[in-house]
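Read the structure below first, then the notes.
It should be emphasised that the depicted structure is a prediction, and the values quoted were computed from it without experimental measurement.
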Amino acid sequence: MRKSVCNLTVRGYELDSFGHVNNAVYLNYAENAVWNFFHSIDLMDATLGSGLFPVVLESTQRYMHELRLFDEVRIESEFSCSNGLLKYKHLIINESTGLTSCKVTGKIAFVNKEHMICDIPDEVLRYLEGDEDEH
């Protein structure tokens, strides 16, 4: 399992009529955390270069505490492999209160140009299964 952290600020267009972050926006935050993870470990080019693309197969959200305009948000993520899928768990945390606003869990498959699910790329497996001190 590997961990990753990314940060963002709540923007005005992400709010619902009550001034809270719209529920669908949490999915955007979760996806942002996934792309941030691939970028931070320099594996996006290798994955795309092998003709594979990560696709979210499943996502579950548990809303706990609201986020509001200009809240600073920290997304703490954990990634692991199981049964040929990349699994993730995100905690979306309000930095000023320390409260977890949402938990998001999901599964990612890697698909080829024919939209067929393929094995997790070797580079990703090596990184996820490797010694944390090596990177």
Checklist entry - About how many Å separate CD1 of Ile92 and CD of Gln61, when rounded to the nearest 0.5 Å? => result 8.5 Å

Checklist entry - Under a 4.5 Å side-chain heavy-atom rule over Ile, Leu, Val, Met, Phe, Trp and Tyr, are Ile93 and Ile75 clustered together? => result no

Checklist entry - Around Asp119, counting heavy atoms of other residues, nucleotides and ligands shown, do more than 12 lie under 6.0 Å from its CG? => result no

Item to check | Side-chain H-bond candidate by donor/acceptor type, Glu58 with Thr60, under 3.5 Å | outcome: no

Item to check | Residue pairs, two or more places apart or on separate chains, that pass ring pair (Phe, Tyr, Trp, His ring centres under 6.0 Å) and touch residues 42-68 | outcome: Tyr26-Tyr63, Trp35-Phe53

Item to check | Leu91 with Leu67, same ILVMFWY side-chain cluster at under 4.5 Å | outcome: no

Item to check | Pairs satisfying salt bridge (Lys or Arg N to Asp or Glu O under 4.0 Å), at least one member in residues 14-31, at least two apart | outcome: Arg11-Glu14

Next on the checklist: Please determine whether side-chain contact (heavy atoms from CB on, under 4.5 Å) holds for the pair Asp42 and Tyr127, giving the CA-CA distance in whole Å, both sets of side-chain angles, and the decisive distance to 0.1 Å.
Outcome noted: CA-CA 10 Å; Asp42 294 326; Tyr127 179 79; over 6 Å; no

Item to check | Working for side-chain contact (heavy atoms from CB on, under 4.5 Å), residues Tyr29 and Val21 | outcome: CA-CA 11 Å; Tyr29 290 176; Val21 168; 4.1 Å; yes

Item to check | Same apolar cluster: Phe18 and Val73, side chain cutoff 4.5 Å | outcome: no

Item to check | Cluster link Ile41 to Val5, ILVMFWY, side chain under 4.5 Å | outcome: no

Next on the checklist: Restricting to side-chain contact (heavy atoms from CB on, under 4.5 Å), what partner residues turn up for Asn36, sequence neighbours left out?
Outcome noted: Ser4, Cys6

Checklist entry - CG/Asn112 to SG/Cys118 distance, rounded to the nearest 0.5 angstrom? => result 4.0 Å

Checklist entry - Can you tell me how far the CZ atom of Arg62 sits from the SG atom of Cys102, to the nearest 0.5 Å? => result 9.5 Å

Checklist entry - Taking only residues two or more places apart in sequence or in another chain, which ones pass side-chain contact (heavy atoms from CB on, under 4.5 Å) with Leu128? => result Arg2, Phe37, Phe79, Cys81, Leu86, Val124

Checklist outcome for this item: So the salt bridge (Lys or Arg N to Asp or Glu O under 4.0 Å) pairs with at least one residue in residues 87-101 (sequence neighbours excluded) are Arg74-Glu95

Checklist entry - Honestly curious: do Leu8 and Val34 fall in one hydrophobic cluster under the side-chain, below-4.5 Å linking rule? => result yes

Item to check | Value rounded to 0.5 Å, distance of CD1 in Ile120 from CG in Leu85 | outcome: 6.5 Å

Item to check | Partner residues of Ile117 under the side-chain contact (heavy atoms from CB on, under 4.5 Å) criterion, sequence neighbours left out | outcome: Leu57, Ala109, Val111

Checklist entry - Is the side chain of His90 donor-acceptor paired with the backbone N or O of Ala30 at a distance under 3.5 Å, no angle test? => result yes

Checklist entry - Of the non-hydrogen atoms in Leu27 and Ser59, which two are nearest, and what is the gap between them? => result CD2-OG, 3.5 Å

Next on the checklist: More than 12 heavy atoms of other residues, nucleotides or ligands under 6.0 Å from CZ of Arg68: yes or no?
Outcome noted: yes

